[in-house]
Amino acid sequence: MTLFHFELCRNGRRVGPRETRDCPDCGMAFRAAREMIRTLREADTLPNGARDHTLRVSYIDHSTLFDLPFDLRI
């Protein structure tokens, strides 16, 4: 298993706490990120809705794997 960091970002800057999860691979980290975005969108607690928000996923050494936009709708 690999540790990944998940961070809520707005305009490229972290705006929430960092969550660390253990995922078997990058694909599962992507699925976890999609589920986290879905949960946050349903809670409707983001300022300005989903616009300008991303979920940044990085490896434990903080190198970025991807930034997933909230408005991608996948």
Side-chain angles (χ1 to χ4, degrees):
M1 295 281 217
T2 304
L3 290 175
F4 294 93
H5 291 303
F6 296 81
E7 302 170 296
L8 176 63
C9 297
R10 182 163 184 234
N11 294 323
R13 294 187 179 176
R14 190 174 67 166
V15 294
R18 177 181 295 138
E19 183 175 328
T20 303
R21 290 191 182 186
D22 208 3
C23 298
D25 56 37
C26 297
M28 291 304 289
F30 178 80
R31 289 183 186 117
R34 273 193 341 203
E35 185 59 36
M36 292 171 84
I37 287 173
R38 189 172 303 130
T39 300
L40 287 166
R41 287 179 61 88
E42 288 173 358
D44 199 30
T45 57
L46 298 172
N48 296 326
R51 193 180 67 205
D52 303 326
H53 284 85
T54 61
L55 190 65
R56 179 173 296 146
V57 180
S58 57
Y59 293 102
I60 197 70
D61 68 357
H62 302 285
S63 59
T64 300
L65 180 59
F66 57 82
D67 281 310
L68 194 59
F70 273 53
D71 59 358
L72 192 57
R73 303 267 186 203
I74 57 171

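The first residue of the sequence shown is numbered 1, and numbering continues consecutively from there.
Here Leu3 is tied into one hydrophobic group with Ile60, each link being a pair of ILVMFWY side chains closer than 4.5 Å.
Rounded to the nearest 0.5 Å, atoms CZ (Arg34) and CZ (Arg38) are 6.0 Å apart. If you take OG1 on Thr54 and CZ on Arg13, they are separated by 13.0 Å, rounding to the nearest 0.5 Å.
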Give every donor-acceptor pair under 3.5 Å between a side-chain atom in residues 17-27 and any protein atom, sequence neighbours left out.
unit_1, atom_1, unit_2, atom_2, d
Arg18, NE, Glu7, OE2, 2.9
Arg18, NH2, Glu7, OE2, 2.8
Glu19, OE2, Arg21, NE, 2.6
Glu19, OE2, Arg21, NH2, 3.1
Thr20, OG1, His5, ND1, 3.0
Asp22, OD1, Thr2, N, 3.4
Asp25, OD1, Gly27, N, 3.1
Asp25, OD1, Met28, N, 2.8

Sequence neighbours left out, cut at 3.5 Å: what donor-acceptor pairs do the side chains of residues 63-70 make with other protein atoms?
unit_1, atom_1, unit_2, atom_2, d
Ser63, OG, Asp61, OD1, 2.7
Asp67, OD1, Arg56, NE, 3.0

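The closest side-chain heavy-atom distance from Phe6 to Leu55 is below 4.5 Å. Here the side chains of Leu8 and Arg14 are not in contact, with every heavy-atom distance at 4.5 Å or above.
When the salt bridge (charged side-chain N to carboxylate O under 4.0 Å, His left out) test is applied to Glu42, no partner is found at least two apart in sequence or on another chain. Under the rule for a ring pair (Phe, Tyr, Trp, His ring centres under 6.0 Å), the partners of Phe4 that lie at least two apart in sequence or sit in another chain are Tyr59.
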